[in-house]
Amino acid sequence: MATRPEGGVFARMMARKSIAQVQRETETSELKRTLGKWNLLLLGVGCIIGAGIFVRTGSAAALHAGPAVLLSFVVAGIVCAFAGLCYAELSSTLPVSGSAYTYGYTTLGEFVAWIMGALLLLEYGLAASVVAVGWGGYVVSLLADFGLHIPPQLTGPAGYTLMRDGVPVLVDGRTVTTIFNLPAFLICLALATLLVAGVSESAKVNNVIVAVKVSVLVAFIAVGGLIVLSNFGELVARNWTPFIPEGQGDGKYGVDGIMRAASIVFFAYIGFEAVSTAGQEAKDPKRDMPFGIIGSLVVCTVIYMLVAAIMTLLVPYNQLNVPDPVAVVVDNFGPAWSWLAKIIKIGAIVGLTSVVLVLMYGQTRIFYTMARDGLLPRVFATVHPKYKTPYINTALVGIITAVAAGFFDINVLGDMTSVGTLAAFAIVCLSVIYLRRAAPELPRGFSVPLYPVLPLLGIASCAYLITTVPWPVLKFFLWYMAGGVVLYFLYGIRNSNLQRGLGQDGGPDMGEYVAPVGEQR
């Protein structure tokens, strides 16, 4: 039986779960094992395809990279590959719910795990809000095609001027100031209700959604590609010349703009990370999770490249700073393709629905695991007697994401998400290096190639992209993390099961306490 960690505050902060304990937690979870390797791959595809293509590509091109947003996706994809390989190794070695939070707890200690939990709230919770805002933009556009109009004041964040095609929207000769994004608010609440009903049901819905979404994207690429090829010279001269607009400083165009845009679109790749949160619900985690992570990353990167090229060729990049850039593009296909434009908008709506679903799912499972560890109130781990899902924390996540989506600007939410995501990925890369040194004999279903070069490149590239984010966002991030540190010392370190010598369920520990390196007895 483990005992309460001894030593000073620093030693307690560095307290780690034993690897044996973390692995045994897989067997004690109340969550059902229903997800196979194809479910996991589709889970990743369902999250990756959506935010990058349907939402943030437009603002990244319009405000920062121009047509060279295509290169931004290449940069983000390379950085993502470094982190993805590290996630694949850790998920095959420590296949439990909680994702990077659990990895940090096992390798770098409890304080780092707490910090990771705070980062993942930005990565999942706010990302779900970003995509919900994009979902609302496509719904408004589609309803307008059928002559149905939501009051414009209810289609955007509080206190913002409504824009379309780069210019303010006028109603009765006056600009429209939005007060609340009603569609985005409602979709968050609806999907939280679905998640309460159970992950098995949610996975089935997601499989159907991904099939529809991929089919629609294939149609977009086929028709858009045909239009591009038939007018390629004219389109390149009009919309891709210059391909890299002249830099204006502060991350606006030029090489700096490409890197700034890379930090914006990077968060769209977090679908593979969401796969790792499903460790306790995978049928065979060691085999299936690397397949889901790497497979979804490869499939989606190819699709990103094709769609981004078509978007920036067909529409001038300065008209894409909207929540629904694909809708703007398909409206430019021409009258003969108006029927397809409606279908593609429906597909975008369906696709974004799956992204919000997966992101909210990941956030609820992180809260669930932290509560079982005692770092959050036990109520967050309360499982519904019938549905076997953490229904109370799912309801709270639904409310938080709905309020953020309803009242805040998509670019502000997106930048905050990117910083949290990049910081979390850097810690995961560091965890791989630590675990290789601390437990080289540990069985690994997947190992990062070219170790330690790729994990080190992952850390360096994530740190660099963080520096491209505007200072106001970084300042908010620093205050947010400072608040998280204070909360850890006020609540987390006092209530942690590990600190009290208890197991995850509040009873005797299931594994031996492992002291920090240098203090092992």
Side-chain angles (χ1 to χ4, degrees), residues 48 51-52 56-57 59-61 63-66 68-88 90 100 103-104 108 112 115-116 118-120 122-123 126-127 130 244-245 247-273 297 301 304-305 308 411-434 448-478 480-481:
I48 296 175
R56 299 228 74 200
T57 303
S59 61
L63 301 177
H64 301 290
V69 70
L70 199 66
L71 302 180
S72 301
F73 274 116
V74 173
V75 173
I78 292 172
V79 177
C80 182
F82 297 149
L85 291 170
C86 292
Y87 267 105
L90 290 177
Y103 308 151
L108 302 176
V112 172
I115 294 298
M116 183 64 80
L119 294 174
L120 294 178
L122 294 177
E123 181 180 335
L126 289 188
V130 171
I244 303 177
Q248 300 178 19
D250 295 327
K252 189 170 185 178
Y253 309 130
V255 175
D256 288 345
I258 293 173
M259 296 303 174
R260 174 71 181 96
S263 71
I264 291 175
V265 301
F266 182 84
F267 95 102
Y269 286 92
I270 66 177
F272 72 83
E273 205 274 348
L297 180 59
T301 300
Y304 269 142
M305 298 293 95
N411 291 320
V412 173
L413 291 171
D415 283 339
M416 290 190 285
T417 300
S418 294
V419 175
T421 302
L422 289 163
F425 286 5
I427 293 176
V428 166
C429 294
L430 180 61
S431 297
V432 167
I433 296 174
Y434 179 90
V448 177
L450 299 179
Y451 173 87
V453 175
L454 294 189
L456 288 173
L457 286 175
I459 295 170
S461 56
C462 287
Y464 170 73
L465 288 184
I466 288 175
T467 66
T468 68
V469 175
W471 170 242
V473 175
L474 292 178
K475 184 165 64 172
F476 166 84
F477 174 74
L478 294 174
Y480 171 80
M481 296 309 300

Legend entry - Rounded distance (nearest 0.5 Å) linking atom CD1 of Ile466 with atom OH of Tyr464: 12.5 Å

Legend entry - For Phe266, all residues meeting ring-ring contact (aromatic ring centres under 6.0 Å, His included), sequence neighbours excluded: Phe425

Legend entry - Distance-minimising heavy-atom pair for Pro245 and Gly66: CG-CA, 4.0 Å

Legend entry - Set of side-chain contact (heavy atoms from CB on, under 4.5 Å) partners for Leu456, sequence neighbours left out: Ile433, Pro452

Legend entry - Cys429 side, atom SG; Leu454 side, atom CG - distance, nearest 0.5 Å: 9.0 Å

Inset, instruction - Sorted by first residue and then second, give each salt bridge (Lys or Arg N to Asp or Glu O under 4.0 Å) pair with at least one member in residues 458-471; sequence neighbours left out. - result: none

Legend entry - Minimum side-chain heavy-atom gap Pro472-Lys475 below 4.5 Å: no

Inset, instruction - Report the C-alpha distance between Val469 and Met416 in whole Å, list the side-chain angles of each, state the deciding distance to 0.1 Å, and finish with yes or no for side chain to side chain contact (heavy atoms under 4.5 Å, CB included). - result: CA-CA 9 Å; Val469 175; Met416 290 190 285; over 6 Å; no

Legend entry - Non-neighbouring partners of Thr417 that pass side-chain contact (heavy atoms from CB on, under 4.5 Å), sequence neighbours left out: Leu126, Ala127, Val130, Phe267, Thr421

Inset, instruction - Grab the two heavy atoms, one from Phe82 and one from Gly458, that are nearest each other, plus how far apart they are. - result: CB-CA, 3.6 Å

Legend entry - For the student: nearest non-hydrogen atoms of Phe477 and Ala423, plus distance: CZ-CB, 4.3 Å

Legend entry - Chi angles and distances behind the side chain to side chain contact (heavy atoms under 4.5 Å, CB included) call for Leu63, Ile264: CA-CA 11 Å; Leu63 301 177; Ile264 291 175; over 6 Å; no

Inset, instruction - For Leu108, enumerate each residue passing the side-chain contact (heavy atoms from CB on, under 4.5 Å) test, keeping only those at least two apart in sequence or located in another chain. - result: Val112, Ile427, Leu430, Ser431, Tyr434

Legend entry - Donor-acceptor under 3.5 Å (Tyr451 side chain, Val432 main chain): no

Hey, can you pull the donor-acceptor pairs under 3.5 Å for the side chains in residues 249-261, sequence neighbours left out?
residue	atom	partner	partner atom	Å
Tyr253	OH	Ala62	O	2.7
Arg260	NH1	Ser263	OG	3.0
Arg260	NH2	Asp415	OD1	2.9
Arg260	NH2	Asp415	OD2	3.0

Inset, instruction - Would you mind reporting whether His64 and Val69 have side-chain heavy atoms less than 4.5 Å apart? - result: no

Legend entry - Side-chain touch Val265/Val75, heavy atoms, less than 4.5 angstrom: no

Legend entry - Contact summary for Ile459 and Ala426, nearest pair of heavy atoms: CG1-O, 3.6 Å

Legend entry - Side chains of Leu119 and Met481 in contact at under 4.5 Å (non-hydrogen atoms): yes

Inset, instruction - Would you mind reporting whether Leu71 and Ile244 have side-chain heavy atoms less than 4.5 Å apart? - result: yes

